[in-house]
Amino acid sequence: MLKINEIIAHNVEKILEQKKMKQNELADAMKISRSTMREIMDGGKVITPVLQNKIAEALSVKVEDLLSMDSYNGVSQNVIPVLMGQVYTDNAKNAINIADELSEYILFYRNAVDNGKKMECVWK
């Protein structure tokens with residue numbers, strides 16, 4: 001089964017080819033480091049809804065285009081129904097950023113628990 005990060009990375013790569021762009025140009029447009037861009041494209045970084053929105057804005061596409069599975073099976077379907085409308089107030093933007101950070105912590109914790117013994121160490 002494909003992971004959402006793999007699907008998004010695949011679709012970003014397709015869109016970059018169509019737009020004759022390179023990953024480093026996308027990274028610059030998103031104001032992220034090239035190493036973070038590589039993590040996204042390699043599936044090593046969790047692509048949260050906020051990050052999905054950033055990628056879509058930088059590529060001038062819809063978030064749904066990033067989630068499309070068209071190229072995998074020829075049938076139009078979205079992986080997740082994501083409704084990321086424009087946010088206009090500073091409070092709403094701050095709330096989304098806080099939620100994004102919290103989701104990163106939650107996913108890190110889940111991965112640490114999943115890795116079990118690999119993550120065990122003596123804390124001093």
Side-chain angles (χ1 to χ4, degrees):
M1 183 173 176
L2 293 170
K3 293 181 181 177
I4 187 73
N5 291 357
E6 293 171 353
I7 293 166
I8 293 172
H10 173 79
N11 289 331
V12 168
E13 193 64 40
K14 256 182 18 182
I15 294 165
L16 288 173
E17 287 174 15
Q18 291 170 355
K19 293 182 177 280
K20 298 185 184 339
M21 284 179 70
K22 297 186 185 269
Q23 288 181 15
N24 60 346
E25 293 172 313
L26 178 57
D28 292 343
M30 292 174 60
K31 296 182 174 127
I32 61 172
S33 70
R34 291 179 181 173
S35 62
T36 299
M37 187 79 241
R38 273 192 305 276
E39 284 182 60
I40 291 168
M41 298 305 290
D42 293 340
K45 179 152 181 64
V46 175
I47 305 175
T48 63
V50 171
L51 188 52
Q52 292 170 24
N53 199 41
K54 260 184 154 174
I55 294 168
E57 285 180 6
L59 291 172
S60 300
V61 298
K62 296 178 186 173
V63 172
E64 292 82 13
D65 296 334
L66 301 177
L67 301 171
S68 172
M69 290 185 59
D70 288 349
S71 63
Y72 288 103
N73 58 17
V75 177
S76 179
Q77 57 180 287
N78 288 328
V79 179
I80 309 172
V82 177
L83 302 172
M84 286 293 296
Q86 292 294 322
V87 177
Y88 299 104
T89 68
D90 287 337
N91 285 341
K93 288 177 186 176
N94 288 336
I96 288 174
N97 286 329
I98 290 169
D100 186 40
E101 287 179 34
L102 287 173
S103 69
E104 290 281 343
Y105 289 125
I106 291 166
L107 291 169
F108 173 80
Y109 176 77
R110 190 195 76 205
N111 288 336
V113 170
D114 289 347
N115 288 331
K117 299 238 184 245
K118 293 179 189 175
M119 297 299 291
E120 287 181 5
C121 65
V122 178
W123 297 95
K124 295 181 181 184

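Sequence positions, counted from 1, serve as the residue numbers for this chain.
Summarising the geometry of K45 relative to L51, their closest heavy-atom pair is CE-CD2, 4.2 Å, with the distance given to 0.1 Å. Contact detail for V46 and N5: the closest heavy-atom pair is CA-ND2, 3.7 Å. The minimum heavy-atom distance between A27 and S33, with the atom names listed, is CB-O, 4.0 Å. Nearest approach of E25 to K20, heavy atoms of both residues: OE1-O, 4.2 Å. The shortest non-hydrogen separation linking V63 to Q52 is CG1-OE1, 3.6 Å. When all heavy atoms of I7 and S68 are compared, the pair lying nearest together is CG2-O, 3.6 Å.
Formation of a donor-acceptor pair under 3.5 Å by the D65 side chain with backbone atoms of K62 is found in this model.
From E13, atom CD reaches atom CD1 of I8 across 14.0 Å, with rounding to the nearest 0.5 Å. Atom CD1 of I32 and atom CD of E39 lie 9.5 Å apart (nearest 0.5 Å). The distance from atom NZ of K54 to atom NZ of K31, rounded to the nearest 0.5 Å, is 9.0 Å.
Within the 4.5 Å cutoff, the side chain of L26 has heavy atoms near those of the L59 side chain. Proximity of I47 to I55: side-chain heavy atoms (C-beta onward) are separated by under 4.5 Å at one or more points. Between N24 and M37 there is no side-chain heavy-atom pair separated by less than 4.5 Å. H10 places none of its side-chain heavy atoms less than 4.5 Å from the side chain of E6. Inter-residue side-chain proximity for Q18 and V61 is flagged as unmet; no heavy-atom pair is nearer than 4.5 Å.
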